[in-house]
There are 2 protein chains.
Amino acid sequence: MDHHLFKSPGHDHGRCVKTAMNRAEQVCQRSGSRLTTLRRRVLELLWQNHAPLSAYELLELLVRDGRKAQPPTIYRSLEFLLECGLIHRVESLNAYIGCDQPQKEHETGFFICESCGYVAELSDSSINLSISKNAELLGFRVHKPTIEISGLCKFCTEDNDEH
Amino acid sequence: MDHHLFKSPGHDHGRCVKTAMNRAEQVCQRSGSRLTTLRRRVLELLWQNHAPLSAYELLELLVRDGRKAQPPTIYRSLEFLLECGLIHRVESLNAYIGCDQPQKEHETGFFICESCGYVAELSDSSINLSISKNAELLGFRVHKPTIEISGLCKFCTEDNDEH
DNA sequence: CAGTGTTATGTTATAATGTAACAATTTCCG
DNA sequence: CGGAAATTGTTACATTATAACATAACACTG
Ligand SMILES: [Zn+2]
Ligand SMILES: [Zn+2]
Ligand SMILES: [Zn+2]
Ligand SMILES: [Zn+2]
C-alpha cells in the first residue's frame, strides 16, 4: 500500500513541491500577507508529504528541524495558511493538506483513499451545483460546504481485486 | 436565535421523540441487537435535543440522571447507535445526532445552521448522484461520503436580512 | 537610525475529544 | 442453576486544540 500517486513515475514530486511554494509566495505577495520562515516551512512539509498530516505530526517534524515548537506554534501557522487558502483542513481526519489552486476562491471536496492515504481535491464539480440546488430548496444560505468522500482509490481498488 | 424548527408551532416535539424511540425499538428488534436502558437513554437525550450534542455533553446529561458515567460509557453507546444506524456523527462538529430514517440504509448529508444549530438531514438527493459520477471518473470506490454544509437556515437568514 | 506600535513567535498551562486495558456486572441459554 | 457472552464500570492515558501572557521580530515614523 505504498503507491501514493505522487510517488508514481508520472509525478515529478520535487517540481510539484517547488511550484506549490512559488504559488504560495505569489498569493501572499498579492494579498500583502507575510509568508514567514515558519509558515513557509509548515506549508513545505505538507507539500513534501503530499497527503494529509495532523497538527501534531507537523509539530514533530518542526521539532526534528531543531525548532523549539509547541502546539500553539503549529496551530497558528495552520490558521494563517487556512486563511490564505494555501491549505485545507480535512475534518474527517483532523488533518491538513496543501491546496492545489490557492489562486482562486473555490469550494472544495476530497476523495480520500482509506488504504493509501492519497487525497484527490475536486473543486467546482457538479457536486457543488447539486448542493446549491438542494440548499435553495431549503432556503439555506451556504457558507462552507464540507465534502469528504472516503473509500478506495483506483490503484488500491485494483490491488484488492487482484488478490 | 432560539427558533429551532423543532420548537416551532408546527412541530409536536413530544410526539417526535416518541416516534423516534419507537422506530429505534423496531430497528433493534429486527436486527436482534439490544437497545439497553443506557443506550435507549442516550438516544432519547439526542432526540430530546433534536440537534447535535457532543459526547461530553451527553456524558454530562447522563451524570445528571444520577448515573456514574465515564467517557467510555458514552462512546460505547454512541458506537452501538452508529452501527445500528440510529444516529449519525457530524464530523465538522465532533457531535452526534439522531437519524430520521434508521429503517433504510442511506447515505446522508447535513445542512447545519451556524446561527441556531438546527440540522437538516438530506438523503438520497442529487448530491449523492453527483458524487457517484465524480467518483466513477476517478475510478474511486466510495465507502462513506461525508457531506456537511454549514451556513444559515431559512429563518436565520430572514432574521439577518431584517436587521 | 532610534523610538514605537504591530505582528509573530515562544512558553506554560489547560480544555476538549477519544481509547486501551482490565474488572465487575448483567444477560442469555442450555 | 452454571458457564459463556455481552454490557457496563473503572482507571489510566492518548490525541487534538486553545487561553493567556511573555518575548522577539518587523515595519513605519520622524
Ligand atoms: Zn507532489
Ligand atoms: Zn489508494
Ligand atoms: Zn422534534
Ligand atoms: Zn437557523
Side-chain angles (χ1 to χ4, degrees), chain A residues 24-25 28-29 31-46 49 51-84 86-97 117 146 148 150, chain B residues 24-25 28-29 31-46 49 52-84 86-97 117 146 148:
Chain A
E25 297 285 357
C28 287
Q29 206 139 50
S31 69
S33 34
R34 291 163 52 188
L35 191 60
T36 63
T37 311
L38 174 65
R39 291 162 173 175
R40 186 182 295 106
R41 180 62 178 144
V42 171
L43 183 62
E44 189 182 35
L45 288 168
L46 281 172
N49 197 56
L53 284 175
S54 77
Y56 279 75
E57 285 169 339
L58 283 165
L59 184 55
E60 168 64 22
L61 292 171
L62 283 182
V63 169
R64 278 198 214 155
D65 277 358
R67 192 182 280 268
K68 293 188 217 163
Q70 244 60 42
T73 301
I74 186 66
Y75 280 103
R76 284 189 287 223
S77 289
L78 290 171
E79 189 186 6
F80 171 85
L81 296 169
L82 284 168
E83 273 169 13
C84 293
L86 292 169
I87 65 173
H88 295 293
R89 173 178 160 85
V90 186
E91 294 293 339
S92 57
L93 299 177
N94 293 337
Y96 306 83
I97 188 168
T146 298
E148 302 181 359
S150 65
Chain B
E25 297 284 358
C28 287
Q29 206 140 49
S31 69
S33 33
R34 291 164 51 190
L35 191 60
T36 63
T37 311
L38 174 65
R39 291 162 174 175
R40 186 182 296 105
R41 180 63 178 143
V42 171
L43 183 62
E44 190 181 34
L45 287 168
L46 280 172
N49 197 56
L53 283 174
S54 77
Y56 279 75
E57 284 168 340
L58 283 166
L59 184 54
E60 168 64 22
L61 292 170
L62 284 182
V63 168
R64 278 198 214 155
D65 278 357
R67 193 181 279 269
K68 293 187 218 164
Q70 243 61 44
T73 300
I74 186 66
Y75 279 104
R76 284 188 289 224
S77 289
L78 290 171
E79 188 186 7
F80 171 85
L81 296 169
L82 284 168
E83 273 169 12
C84 293
L86 292 169
I87 65 174
H88 295 293
R89 174 177 160 86
V90 186
E91 295 291 340
S92 57
L93 300 176
N94 292 338
Y96 306 83
I97 188 169
T146 299
E148 303 180 0

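What you see is a predicted model; the values in this text were computed from it and never measured.
At its two ends the helix from dC1(C)-dG30(D) to dG30(C)-dC1(D) runs along axes set 30° apart, each axis drawn from five pairs and the angle rounded to 10°.
Going from atom CG of Leu53(B) over to atom C1' of dT17(C) covers 15 Å, rounded to whole Å. If you take CG of Leu62(A) and C1' of dA8(C), they are 15 Å apart, rounded to a whole angstrom. When rounded to the nearest whole Å, the span between CD1 of Ile74(A) and C1' of dG10(C) equals 14 Å. dT17(C) atom P lies 10 Å from atom CG of Leu93(B), rounded to whole Å. Atom CG in Leu58(B) sits about 14 Å away from atom C1' in dA16(C), given to the nearest Å. At whole-Å resolution of the value, CD in Glu79(A) and P in dT9(C) are 12 Å apart. We find that CG of Leu59(B) is positioned 12 Å from C1' of dG18(C), with the value rounded to whole Å. As rounded to whole Å, 16 Å separates atom C1' of dT17(C) from atom CD of Glu60(B).
Of the residues Leu35(B), Ile87(B), Val42(B), the one that meets the side-chain contact (heavy atoms from CB on, under 4.5 Å) test with Phe80(B) is Leu35(B). Partner Arg89(A) forms a side-chain contact (heavy atoms from CB on, under 4.5 Å) with one of Leu81(A), Leu78(A), Asn94(A) and no other, that one being Asn94(A).
Residue Ile97(B) holds its CD1 atom at 8.0 Å from CG of Leu46(B), rounded to the nearest 0.5 Å. Between atom CG of residue Leu86(B) and atom OG of residue Ser33(B) there is a gap of 7.5 Å, rounded to the nearest 0.5 Å. Rounded to the nearest 0.5 angstrom, Cys28(A) SG and Leu43(A) CG are separated by 8.5 Å.
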Could you go through nucleotides 13-15 of chain C and list every protein N or O atom that sits under 3.5 Å from one of its N or O atoms, giving the distance for each pair?
none

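Residues from residues 32-41 of chain A with heavy atoms under 4.0 angstrom of DNA chain D, sorted by number: Arg34(A).
Listed by chain and residue number, nothing satisfies the side chain to side chain donor-acceptor pair (under 3.5 Å) test with Glu83(B) (two or more places apart in sequence, or in another chain). Not a single salt bridge (charged side-chain N to carboxylate O under 4.0 Å, His left out) links Glu148(B) to another residue, sequence neighbours left out. Taking Glu79(B) as the reference, nothing meets the side chain to side chain donor-acceptor pair (under 3.5 Å) condition, with sequence neighbours excluded. In terms of the side chain to side chain contact (heavy atoms under 4.5 Å, CB included) criterion, residue partners of Thr36(B) (sequence neighbours excluded) are, by chain and number, Arg34(B), Leu38(B), Arg39(B).
Listed pair Tyr96(B) / dG18(C) meets the phosphate criterion, a side-chain N or O lying under 4.0 Å from OP1 or OP2. Close to dT19(C), at under 4.0 Å from its OP1 or OP2, lies no side-chain N or O of Tyr75(B). Phosphate proximity of dG18(C) to Arg89(B): present, with a side-chain N or O under 4.0 Å from OP1 or OP2.
Considering all non-hydrogen atoms of both residues, Gly117(A) and Ala51(A) come closest at O-CB, 4.0 Å. Ala55(B) and Ile74(B) get closest at one heavy-atom pair: O-CG1, 3.7 Å.
The footprint of chain A on DNA chain D, defined by a heavy-atom cutoff below 4.0 Å, extends from dT16(D) to dC26(D).
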Side chains of residues 57-73 of chain B: which donor-acceptor partners sit under 3.5 Å, not counting sequence neighbours?
residue, atom, partner, partner atom, Å
Glu57(B), OE1, Ser54(B), N, 2.8
Glu60(B), OE2, Arg64(B), NE, 3.3
Asp65(B), OD1, Arg41(B), NH2, 3.1
Asp65(B), OD2, Arg41(B), NE, 2.7
Thr73(B), OG1, Gln70(B), O, 3.4

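Side-chain to base pairing of Arg67(A) with dG10(C): no donor and acceptor N or O lie closer than 3.5 Å to each other.
At most 12 heavy atoms of other shown residues, nucleotides or ligands fall within 6.0 angstrom of atom CD in Gln29(A).
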